[in-house]
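To keep things clear, I will list the structure first and then write my remarks on it.
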Protein chains: 2
Amino acid sequence: MKGEAVYKRTYNRLIDYLNELKIGDPLDSENVLKSKLNASRTTIRKVLRDLELKKLISIASTKKILCRRPKAKDSFPRAETLSNAARIEKKFLEWMLRADPKSGDIINELELARQFGVSTSGIREFLNRFSRFKLIERRPNSGWCFQGFTEDFALELFEVRELFEMRSAAAFATLPDDAVAWKELKALEADHKILLRNIKKDFHDFSDIDERFHQLINNASMNRFIVDFYDLISLIFHYHYQWNKVDERKRNRAAILEHLEYIEALFSRDPMRIEFACRKHFISARNTLVSSIKEQLTVS
Amino acid sequence: MKGEAVYKRTYNRLIDYLNELKIGDPLDSENVLKSKLNASRTTIRKVLRDLELKKLISIASTKKILCRRPKAKDSFPRAETLSNAARIEKKFLEWMLRADPKSGDIINELELARQFGVSTSGIREFLNRFSRFKLIERRPNSGWCFQGFTEDFALELFEVRELFEMRSAAAFATLPDDAVAWKELKALEADHKILLRNIKKDFHDFSDIDERFHQLINNASMNRFIVDFYDLISLIFHYHYQWNKVDERKRNRAAILEHLEYIEALFSRDPMRIEFACRKHFISARNTLVSSIKEQLTVS
DNA sequence: ATTTGTATTTTTGCATATAAAAAACAGTTT
DNA sequence: AAACTGTTTTTTATATGCAAAAATACAAAT
C-alpha cells in the first residue's frame, strides 16, 4: 500500500551505476552503494538480489561482480519512479492549466481524488502543501477556494520579488572575488550571448536560462526566506509561459538584452548601476506578466 | 471519528445567543441562525433538537421559543470546542518549548502521535502545514529534521521583516486622511502611553500591543505575501517571549518609547523620519532577539 | 575494521473506513 | 413564490490498517 517508487528509483540508479563499470568489475560494498544511491541498505539489498536473479550481476558471498551490460529496457519507466506525491503535484499543475480555475471557484478533494485516481489523503496532503503559494485557500469543513491568478496577485508577487532581488543583487556585488558565483555568472553571460545569436529557433530556451539567472542572484542573499520565495516565482512563470505565446520571441530577446545589461552591472559592482539595471528589468517583466493576464481574462 | 468540536462550538454559540433573549421570545429561523452562528443548517438542527431535549427551548413545528435562561454549566468547556488540528498545534508549540529541540534533531511522527494521544495522520498534516515556517524540514521516507531557532535563522528573519516593514511603513504614510488605519494608529498610540504609565505592573501586556502595532503597519502594504509573513514573526515572538525573561520590563519600556517615536514619525508622513524611526526600532529589536538566543545557547 | 547475512523492530506513505458536517433536494406552509 | 423545515446525498476530518522502506542488532566472514 505504499507504492514501490523508492525501490524502482533505486533499481534504476543501480543500473546507471553498473553502466559505468566493465564486465567482471566488482561492485562497491552495500554501505557504499547505500550512500551513493541514497537509499537504505534494506532497499539496496533487495535490488541486488533481483539483479542477480536477472543475471546482471553475480553475488558470491564476499564479492559482487558485473556479468553483462545493462540494456535500456532493464530499467523501469521513469513515470514509475515518481512517488505518489510527485505524481499528484504533476497532475494538479496540468489540471490547473486545462481547467484554468478562476477566483472563487471551489475545488473539492473527493472529486480531484476520483479524477486523478488517487486517494483523498494524497490530494489533501498536496493541497495543504500547495496552499503556501496562496493560490488556494482552505474553507474549514468545506472545500478549497481558488484565489485566482489575478492582476492583484501578480502585482503583489512582483512587489516582493523586486524587493528581494534588489537586496540579493546588492549582496551579490559584495561577494569576494573568488566566489564560485562569479564563475557561474560568467558562464551564464556566455549562455545568454549564444542564445541571443540563435534566438530565431531557440527562443523557447529562455525560460530555463531566466530561472537559472535569477536563482543565482537570489542565492547570494544567503537568506532561506528569500531563496524559498523563488519556488513560487518559478511555479508562476512555468504556469504563465504555457498560455502567453504572443510575441514570445520578441519578448525573450528584449529580456536577454536586459539580462546582459544587468550582468554587466553586476560585474561592475557599482550599486547604482545594479539598482538601475535590476529595476529596469523588473518593470518590463511586470508589464509582460500583467498584460498577459489581462489578455487571458478577455479570452475566457 | 471526526470529533464533535464543531457541534460543541455551535452549541455554545447558540447558548450565547439565547442569553440575549428573554423567556418566551421566539428564536430566529434555522437559516438565519446558520449565518449568525457560522455553521451548517445540519449542525444547527442537531443543536436545536438537543436543546429541546434539555428543555431550554420548545420547538413547535413552526415556532421555536426560549423556555428558561441558560446557566453557565449548560455550555461545553472551551477546550472541547477546539478542533483536533488546533489541539495538535497547541500541543506541538508547548512541546517545542519544553523539549527545546536543537538544530539537527529528528522528530518522528509516530512518537509525537503517541505522546499527544492523536493519530499519525493528524500529526503528519500538522507538520506539513508547520513546515512553511522553515523550522522543520522533511526527510523523505525518514522523519522531520528540526532546523533550530539559531542566530542565523533570527538574522534572516529580521532581514526580511525589516525589508517588508520599511515598505509597509512607507505605504502607511501615503494612506488617505480618512483611512481607518489612522484612527487605529491613534488608538494604539494612546494604549502605548497608558501602558508606559503602568509599566511597572503591566509590562507583560507589551507583547500583545507590539503584535497589534506591527500588524497594523504591515496591513497597509496590501500585499498578501507581506501580511502572511507576519504569521511567522508572531509565532517566533510568542515562542521567544517564553524563555527570555531577563530585563523584560526594561526592554519593553525601551521598545514602547521607540514605538511612540515611530508612531509620531508616521503621523508626520515624512518618509525620512519614518525610515529613521523604523530602522532604529529594528536594530534594537534584533539585538534583543539575538542576544537572547545566545544566552539560551549557553544555558543548554 | 569492514563487510555481509539474517532477523527483528520501527516508521513512513498511502489507502481505506467512518462519524460529523455540509450541501443538495424535496416537500410544506405561509 | 419566498421562506421554512424534513430528508437524503456528498464531502470533510480523523482514525486505522497495512505494505514498503528504514533503522537496528548482532553474529559470522573476510
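So you know, we letter chains A, B, ... as the sequences are listed, proteins then strands, and number each from 1. Here the structure is a predicted model, which means the values were calculated and not measured.
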Item to check | B:Ala39, nearest nucleotide to its side chain (from C:dG5, C:dT3, C:dA22) | outcome: C:dA22
Checklist entry - Is the base of D:dA21 touched by the side chain of A:Ser40 through a donor-acceptor pair closer than 3.5 angstrom? => result no
Item to check | Heavy-atom protein contacts under 4.0 Å, nucleotides 24-30 of chain D, coded B base, S sugar-phosphate only, - none | outcome: -B-----
Item to check | Contacts of type salt bridge (charged side-chain N to carboxylate O under 4.0 Å, His left out), residue A:Glu80, not counting sequence neighbours | outcome: A:Lys8
Checklist entry - Which of residues 104-118 of chain A have a heavy atom under 4.0 Å from DNA chain C? => result none
Item to check | Residues that A:Glu111 engages under salt bridge (charged side-chain N to carboxylate O under 4.0 Å, His left out), provided they are two or more places apart | outcome: none
Checklist entry - Do the charged groups of B:Glu30 and B:Lys34 touch, with an N to O distance under 4.0 Å? => result no
Checklist outcome for this item: Taking every heavy atom of A:Tyr11 against every heavy atom of A:Lys54, the minimum-distance pair comes out as OH-NZ, 3.3 Å
Item to check | Sorted by number, the residues of residues 75-93 of chain A with heavy-atom contact under 4.0 Å to DNA chain C | outcome: A:Ser83, A:Asn84, A:Ala85
Checklist outcome for this item: Overall bend of the helix from C:dA1-D:dT30 to C:dT30-D:dA1 (five pairs an end, 10° steps) is 30°
Next on the checklist: Contact list please: residues 5-19 of chain A against DNA chain C, heavy atoms, distance less than 4.0 Å, in numerical order.
Outcome noted: none
Just the atom pairs and distances: protein N or O near nucleotides 17-19 of chain C's N or O, under 3.5 Å.
| unit_1 | atom_1 | unit_2 | atom_2 | d |
| --- | --- | --- | --- | --- |
| C:dA19 | O4' | B:Met1 | N | 2.8 |

Would you list the atom pairs, donor with acceptor, under 3.5 Å between side chains in residues 16-27 of chain A and any protein atom, with sequence neighbours excluded?
| unit_1 | atom_1 | unit_2 | atom_2 | d |
| --- | --- | --- | --- | --- |
| A:Tyr17 | OH | A:Asp28 | N | 3.0 |
| A:Tyr17 | OH | A:Asp28 | OD2 | 2.9 |
| A:Asp25 | OD2 | A:Lys22 | N | 2.9 |

Item to check | Proximity to DNA chain D (any heavy atom under 4.0 Å), residues of residues 136-147 of chain A only | outcome: A:Arg138, A:Pro140, A:Asn141, A:Ser142, A:Gly143
Next on the checklist: Could you work out, with salt bridge (charged side-chain N to carboxylate O under 4.0 Å, His left out) as the rule, every residue matching A:Arg69, not counting sequence neighbours?
Outcome noted: none
Item to check | Which residues share a salt bridge (charged side-chain N to carboxylate O under 4.0 Å, His left out) with A:Arg138, sequence neighbours left out | outcome: A:Glu109, B:Glu125
Checklist entry - Nearest to the side chain of B:Asn31 - C:dT4, D:dT5, C:dC14? => result D:dT5
